[in-house]
Amino acid sequence: MAILFCSSLDPAGRWREALARELPHLETRIYPDIGDPGTIDYALVWAPPPGLLAALPRLKLIASIGAGVDHILADPSVPRHVPIVRLVDPATTRLMSEYVLAQTLRLHRQDLLYEAQQRAGIWQWHEQPDPAERRVGILGLGRLGTDAATRLKANGFDIAGWSRTGKTLDGIACFSGGEGFDALLRRSDILICLLPLTAATENILDRRAFDHLPRGASVVNVARGRHLVDADLLEALDSGQLAYAILDVFREEPLPPDHPFWRHSRIVVTPHVAGAAEVRTAAPIIADAIRRAEAGLPLRDVVDPERGY
Ligand code: NAP
Ligand code: GLV
């Protein structure tokens, strides 16, 4: 019995060591050295090549090395009868909330404006609103969105969130559906995207969405690059409709060297680090999922392929 590890981003050697400690009875094979495909029971993957998972006849479980599963479901040949579990790791949640809080505070305290002023040698004071006057809207109220909302709320911001199904969260204005989307946008000085990438959420950060935001709002995208229509963002920044964009994820990663985002004075680029998976904390969670699959116990954090997350 073997686990297939396939990711060009994650440290294969460290994963093999961690899995050997957690599951000593299983061999870990690192793609492309997969050996006999008929002896692989479990696959631990980030963006596997199309067709790879379909070519494993004994596969019992697919585990995502990440909270998102768009990188798996993008392959139409992924066997529908094999359960997919996603990585739900409290350490990732903490990292993500820390990133969201840090960037929100940076926007709230006008850091990017003062940085630009420093570069130009300008000594100028700007009025500083109270956090309670700063309306933050969070797209996605799942594991990550809810935690980020709670952390921001604890820092005094006026928080609202949007989800597919309706929610009730203490002290957080909750919206859902198409009308709810527009209502959330209208009251968001800072818009944070923490949605999964699905057919319904692709290109959701477009000109229409930006036009519904208050003039001078800012956008933080920590979900996936394909939520964002790059050209619409550039246009909204250039027209003054948006003040800043803080982006951790991109349509193409690494962001190509000639992409205009790199050099835009009001765009901040980070290299997909907001909530990156850590072997140390993620391996025990993945091992637990495999043990559950081996024992025939109910799996946790199973993805609904029809819903796309
Ligand atoms: P999650 O727990 O599945 O939550 C997803 C949320 O989005 C839910 O509230 C869901 O609504 C909502 N949603 C889904 N489709 C929607 C739609 N069509 N309209 C409105 N709301 C919709 O996911 P998560 O763990 O919070 O992770 C979110 C995403 O963050 C991941 O999919 C991944 O792409 C991204 N991520 C990025 C990084 C990074 O380092 N940048 C790290 C980790 C994750 P319901 O509650 O009604 O289902
Ligand atoms: C990272 O992007 C993840 O999906 O966990």
Side-chain angles (χ1 to χ4, degrees), residues 7-10 44-48 63-74 84-100 102-103 137-151 159-169 172 174-185 191-205 209 219-228 246-251 253-255 268-279 281-282 285-286 300-309:
S7 166
S8 60
L9 292 183
D10 297 278
L44 176 57
V45 297
W46 178 270
S64 167
I65 313 174
V69 289
D70 49 294
H71 58 98
I72 298 172
L73 297 176
I84 303 175
V85 292
R86 67 194 194 92
L87 181 61
V88 175
D89 182 346
T92 306
T93 307
R94 183 184 52 73
L95 284 173
M96 177 59 83
S97 290
E98 198 173 271
Y99 182 101
V100 168
Q103 303 299 358
I138 303 180
L139 300 177
L141 283 174
R143 300 281 189 146
L144 300 179
T146 302
D147 193 74
T150 308
R151 290 279 297 268
I159 309 296
W162 183 66
S163 50
R164 193 176 54 83
T165 56
K167 304 237 178 299
T168 309
L169 296 172
I172 293 165
C174 294
F175 297 89
S176 60
E179 280 178 21
F181 181 62
D182 291 354
L184 176 114
L185 294 174
L191 182 71
I192 295 164
C193 182
L194 266 170
L195 289 165
L197 181 66
T198 66
T201 65
E202 184 163 8
N203 298 328
I204 196 163
L205 301 175
V219 171
V220 179
N221 186 17
V222 272
R224 287 289 183 264
R226 279 165 55 199
H227 292 302
L228 175 68
I246 298 185
L247 308 175
D248 184 55
V249 287
F250 304 90
R251 287 184 171 258
E253 296 183 4
L255 186 63
V268 172
V269 168
T270 57
H272 202 144
V273 292
E278 273 286 333
V279 183
T281 54
I285 296 168
I286 299 290
R300 297 186 172 123
D301 305 311
V302 178
V303 168
D304 175 351
E306 299 312 317
R307 213 175 54 165
Y309 68 100

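We use all heavy atoms of the structure for the numbers below, so side chains are in, but hydrogens, waters and symmetry mates are not. Every value quoted in this text rests on a predicted model; they were computed, and no experiment measured them. All ligand and atom numbering here is 1-based and tracks the order in the structure.
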Fill in: Check against side chain to side chain contact (heavy atoms under 4.5 Å, CB included), Cys174 and Leu141
CA-CA 9 Å; Cys174 294; Leu141 283 174; 4.1 Å; yes
Worksheet item: Can Asp147 and Ser97 be said to form a side chain to side chain donor-acceptor pair (under 3.5 Å), step by step?
Response: CA-CA 6 Å; Asp147 193 74; Ser97 290; 2.5 Å; yes
Worksheet item: After noting the C-alpha distance and the side-chain angles of Ile285 and Val88, does the key distance pass the side chain to side chain contact (heavy atoms under 4.5 Å, CB included) rule?
Response: CA-CA 8 Å; Ile285 296 168; Val88 175; over 6 Å; no
Fill in: Residue pair Tyr99, Arg94: steps toward the side chain to side chain donor-acceptor pair (under 3.5 Å) verdict
CA-CA 9 Å; Tyr99 182 101; Arg94 183 184 52 73; over 6 Å; no
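Of the listed options Tyr99, Phe175, Trp162, Trp162 places a heavy atom closest to atom 19 (N) of ligand 1. Between atom 7 (O) of ligand 1 and the options Ser163, Pro196, Gly142, the minimum heavy-atom separation is to Pro196.
When each atom of ligand 1 is checked for a heavy atom of Val249 under 4.0 Å away, the hits are 41 (N). For ligand 1 and Met96, the ligand atoms under 4.0 Å from any heavy atom of the residue are 37 (C), 38 (C), 39 (C), 41 (N), 42 (C). Listed by number with element, the atoms of ligand 2 under 4.0 angstrom from any heavy atom of His272 are 1 (C), 2 (O). In summary, the atoms of ligand 1 found under 4.0 Å from a heavy atom of His272, numbered by their order in the structure, are 39 (C), 40 (O), 41 (N). Ligand-side atoms of ligand 1 in range of Leu141: 6 (C), 8 (C), 9 (O), range being under 4.0 angstrom from any heavy atom. Atoms of ligand 1 found under 4.0 Å from any heavy atom of Lys167, numbered from 1 in the order shown, are 45 (P), 46 (O), 47 (O). Atoms of ligand 2 lying under 4.0 Å from at least one heavy atom of Gly68, given by number and element, are 3 (C), 4 (O). Per-residue contacts place Gly140 under 4.0 angstrom from the following atoms of ligand 1 (heavy atoms of the residue considered): 6 (C), 7 (O), 9 (O). Counting atoms of ligand 1 from 1 in the listed order, those under 4.0 Å from a heavy atom of Ala200 are 18 (N). Close approach to Ala223 involves these atoms of ligand 1, each under 4.0 Å from a residue heavy atom: 34 (O), 35 (C), 37 (C).
Contact annotation for Asp248 and ligand 1: only side-chain heavy atoms (C-beta onward) come within less than 4.0 Å of the ligand. At a 4.0 Å heavy-atom cut-off, ligand 1 touches Arg143 through backbone and side chain alike.
Using a 4.0 Å heavy-atom cutoff, Arg86 is absent from the residues neighbouring ligand 2. Contact annotation: Thr201 has at least one heavy atom less than 4.0 Å from an atom of ligand 1. Put simply, no part of Leu197 is less than 4.0 Å from ligand 1, judged by heavy atoms.
Protein heavy atom closest to atom 13 (N) of ligand 1, with residue, atom name and distance, is Leu195 CD2, 3.7 Å. With respect to atom 25 (O) of ligand 1, the closest heavy atom belonging to the protein is Arg86 NH1, 2.9 Å. Residue, atom and distance of the protein heavy atom nearest to atom 27 (O) of ligand 1 are Leu144 CD1, 3.4 Å. The nearest heavy-atom contact from the protein to atom 40 (O) of ligand 1 is Gly275 N, 2.9 Å. Remark: minimum distance from atom 10 (C) of ligand 1 to any protein heavy atom is reached at Tyr309 OH, 3.6 Å. When hydrogens are left out, the protein atom nearest atom 28 (C) of ligand 1 is Leu194 O, 3.4 Å; that is the closest non-hydrogen contact. Atom 33 (C) of ligand 1 has its closest protein heavy atom at Arg224 NH1, 3.6 Å. Of the protein's non-hydrogen atoms, the one nearest atom 37 (C) of ligand 1 is Val222 O, 3.1 Å.
The line from CG of Leu205 to CG of Leu185 is 9.0 Å long, rounded to the nearest 0.5 Å. Of the inter-residue distances, the one linking Ile192 atom CD1 with Ile138 atom CD1 reads 5.0 Å to the nearest 0.5 angstrom.
In this structure, the side chains of Leu255 and Val269 come closer than 4.5 Å at one or more pairs of heavy atoms. Residues His227 and Asn203 are not in side-chain contact: their nearest non-hydrogen atoms beyond the backbone lie 4.5 Å or more apart. Under the 4.5 Å side-chain criterion, counting only non-hydrogen atoms from C-beta, Leu191 is in contact with Leu184. Between Lys167 and Ser176, the closest side-chain pair of non-hydrogen atoms is not below 4.5 Å.
Side-chain contact check for Thr270 and Asp248: at least one donor-acceptor pair (N or O, by modelled atom type) lies under 3.5 Å.
Ring pair Phe181/Trp162: centre-to-centre distance below 6.0 Å.
For Gln103 (side chain) and Val100 (main-chain N/O), no donor-acceptor pair under 3.5 Å exists by modelled atom type. Judged by distance alone, the side chain of Thr201 and the main-chain N or O of Thr198 form a donor-acceptor pair under 3.5 Å.
On a distance-only criterion, Ala67 and ligand 2 share at least one N/O pair closer than 3.5 Å. Taking only nitrogen or oxygen atoms, main chain and side chain alike, Gly66 does not reach within less than 3.5 Å of ligand 2.
Enclosure of atom CZ in Arg300 is not indicated, since only 12 or fewer non-hydrogen atoms of other residues, nucleotides or ligands lie within 6.0 angstrom.
A salt bridge (charged side-chain N to carboxylate O under 4.0 Å, His left out) with Asp70 is found for one member of Arg307, Arg226, Arg224 and no other, namely Arg224.
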